[in-house]
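Below, chains carry the letters A, B, ... as their sequence lines are ordered, and counting in each starts from 1.
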Amino acid sequence: MNLPEKYKKPYNSKDVESIVYEKESNSGLFNPDVLINTFPKKYADSKTWTTITPPPNANGRLHAGHALDVTLKDISGRYKRMQGYQVLMLPGSDHAGFETQVVYEKKLEKEGRSRFGMDREKLYKEIYDFTIANKDTVTDEIKRIGASYDWSRDTFTLDDKVVSGVQNTFIKMYEDGLIYRGKRDCNWCSKHQTSLSDVETTNKELVDTFYTFKIGEFNIGTSRPETKFGDKYIVVHPDDKRYEKWLDNDTFEAEWISGPTKFTVIKDESIDMEFGTGAMTITPWHSGVDFLIAKKHGLDMVQVIDEQGKLMDIAGELKGLKAITVGRQKVVEILREKGLIVSEDTAYKHVVPVCYKCETPIEPQLKDQWFVKMESLAEMALQASQDGRINFVSEQYKKVYEYWMKNPLDWNISRQIVWGIQIPAWFKNKGEDNQEFHIGKTKPEGDDWIQDSDTFDTWFSSGQWPVATLGFSDSEDFKRFYPTQLMETGRDLIFKWVPRMVIFGLYLTGEVPFKDIYMHGMVLDAKGQKMSKSKGNVLSPIDLADEYGMDALRMALIVGNAPGNDIPLSVDKVKAYKKFVNKLWNIARFVLENTDESMDGEVDLTNKHIENFKNIKNDISKNIESYQLHLASESLYQYVWHEYADVVLEEIKKDLTDENKKVLRYLFKQILIIAHPFMPFVTEEIWSDFVDVEVNGLLLVQDWE
RNA sequence: GCGCGAUUAGCUCAGUUGGUAGAGCAACUCAUUUACACUGAGAAGGUCGGGGGUUCAAGUCCCUCAUCGCGCACCA
């Protein structure tokens, strides 16, 4: 027969992938509007199926995790589109405020520059250009994975409509009493010079010296002597017998760092009598726990360490020293000379919060910032999970989510960085306490108003992503596509992103933003280690695809990857699926050599092979529906190789009757359909040799009944 | 400390409502130009981490212990 030349060689992904993607993309069928217009019979009256794709940070290149992310949702999307849904997979990019600024700061550092002292607008413009350039690279790489995304709706978190809508949300929340400005302890990173939310810190175990100091009759423990300059309160538990002779608010004078100091005894139940001596001093400005005690008892709060992490005036001659290093040593020296050290435990292990980007220990600071009151919002989000309006594909994340929603902490949304959406708030007399402010997008009457220079926590805008990308509630797209079906994203975003989308979705629209939540695991190296540049074990999805083909990589990422579990990826595994792709190619060769289009008519549906296939197909459909893609892909592999090729084809080869050829051809075309979502490139390519695509359409829109 | 996972063939992992264990890779035997050597046929390999319980029946449900991983919080 007329076998195309290309089948005489093994499958070569390089000859195929970009051409196929272009063909599919140029057809416009990734856009649901075009889908309806082109195939009205199939799509005009059908339901929508929507997924808003997590915006990859527009600050770097794609890694294997992105490839998994795109593949998982693309399989579902392609499947639903073939089934006849108006599929919208909406792509976007995130300016990723703090993350991008950190990346850009590193770049500046390399160039011997610094963002501090740079003109705000100039810096913004530079980061903007940098981000846009990267965004284009990232977009191209996502396309290589085969993402059937509607690029005509591509959205950037700094698009006008998003910025405006996000600011509106802030104003609405303020009016609803859900946002307040308050002096509260914040997680301060002294390297990056910004406050961070609780989920932007991570924990690090340190071995420090734990000191016990003598203050009058009390022995107090601390691992942070450098904060003790301003301490003038001794706090003990009200039931502690050791200190029962002291009454609440009793005072005494004792020798301390800067000389004789007046101390006040405070009794508070939050003290752990078992720890240390059961007595401690407090430093409310630099400790969240101490802050709560001070607030409760109305105590003075004094700043000891400045925003660069240096000791302030109160430290007298030690002023200006780096608090945590030299400052600490000097204070200890002073106290040693005064004979106030009772004991030193040099092997004290404790865990401190550090900046999740640079691991600089967080220095809590009291600052005026914008906070979101989380309690009622979290309650709404908890309800949605408990009553099943949102469904977690893997239960373990439901538990984590619900735990977090039951224990919400108010959310600091102010960031002292320029890269982001500026907060629509205006101040008079900036710098003083209790300053007057005005909330609104435009400057109020009068000359002395200046806009808050802070920007929103990036998750404040990306939390609104499902609503924002669809144009907020007054747009046509919103009415058509909201609420969406699937939110598929990495397990690391269970706190940062997912609950916030649920909260904003419910708050802004009354409806959950998505029904199914699929949290995928991390892609690890072959040994199960986290991929990192420093370990040198990073597998680039683009490099792998260059060598083995993207279809092979997609399969390697899906098979054996149960929802939510981390997945090791090895080159051997990708190779194995490259063989599978080639197997499909060779089957196509055989079928093309032995059949032709005249055999495309009716087949005997009671044929045993067709009956068997029907069961496999049902099984695969069921597993895709429930996001058990590892099972679906496994069945596909087993069927194609060990049933169709090893049994059906071998049997029919020995008895090439017209009827058998028809069965062979019919089944193979069906295989192309069920294999398409998993391996879009090779299947689409082969499809065009079986049918006239001009007449019958791309494989992309064939019926999956 | 609290929470969440994991522990199944040499390795990496599946195993959906309980019905006496599966895949890929590796290793072994055979076939030798076949649509496909990026191949085919075959065989081998597991007391499902330990212990206890529920059940006619447990890899699967419950309890407990151990080891590993992760997350959250904190003690000054």
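- Here B:rU20 sits opposite no nucleotide as a Watson-Crick or G-U wobble pair (both hydrogen-bonding atom distances under 3.5 Å).
- When distances are taken from the side chain of A:Pro10 to each of B:rC38, B:rG24, B:rA35, the shortest belongs to B:rC38.
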Enumerate the protein-to-nucleotides 39-45 of chain B contacts in which both atoms are nitrogen or oxygen and the separation is below 3.5 Å.
from: B:rU39; atom 1: O3'; to: A:Lys583; atom 2: NZ; distance (Å): 3.2
from: B:rG40; atom 1: OP1; to: A:Lys583; atom 2: NZ; distance (Å): 3.2
from: B:rG40; atom 1: OP1; to: A:Trp641; atom 2: NE1; distance (Å): 2.1

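- Phosphate proximity of B:rG5 to A:Lys399: present, with a side-chain N or O under 4.0 Å from OP1 or OP2.
- The closest donor-acceptor contact from the side chain of A:Thr277 to the backbone of A:Asn219 lies under 3.5 Å.
- The list of salt bridge (Lys or Arg N to Asp or Glu O under 4.0 Å) pairs with a residue in residues 613-628 of chain A, not counting sequence neighbours, reads A:Lys80-A:Glu625.
- Picking from B:rA73, B:rG5, B:rG24 the nucleotide with the shortest atom distance to the side chain of A:Asn203 gives B:rA73.
- The one candidate from A:Trp256, A:Phe252, A:Tyr233 that meets the ring-ring contact (aromatic ring centres under 6.0 Å, His included) condition with A:Phe218 is A:Phe252.
- A distance of about 33 Å separates the P atoms of B:rG49 and B:rG40, rounded to the whole Å.
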Hey, what are the protein-to-nucleotides 12-16 of chain B N/O distances that come in under 3.5 Å?
from: B:rC13; atom 1: O2'; to: A:Gly560; atom 2: O; distance (Å): 2.9
from: B:rA14; atom 1: OP1; to: A:Asn565; atom 2: ND2; distance (Å): 2.6
from: B:rA14; atom 1: O3'; to: A:His630; atom 2: NE2; distance (Å): 3.2
from: B:rG15; atom 1: OP1; to: A:His630; atom 2: NE2; distance (Å): 3.0

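- Nearest to the side chain of A:Arg491, among B:rC72, B:rA23, B:rC70, sits B:rC70.
- The nucleotide B:rC74 finds no pairing partner, because no Watson-Crick or G-U wobble arrangement with both distances shorter than 3.5 Å includes it.
- Using the Watson-Crick or G-U wobble rule with both distances under 3.5 Å, B:rC68 pairs with B:rG5.
- In this entry B:rU55 has no Watson-Crick or G-U wobble partner, no candidate having both defining distances under 3.5 Å.
- Side-chain atoms of A:Lys573 come within 3.5 Å of backbone N or O of A:Ala556 as a donor-acceptor pair.
- A:Ser287 comes within 4.0 angstrom of nothing in the nucleic acid, heavy atoms only.
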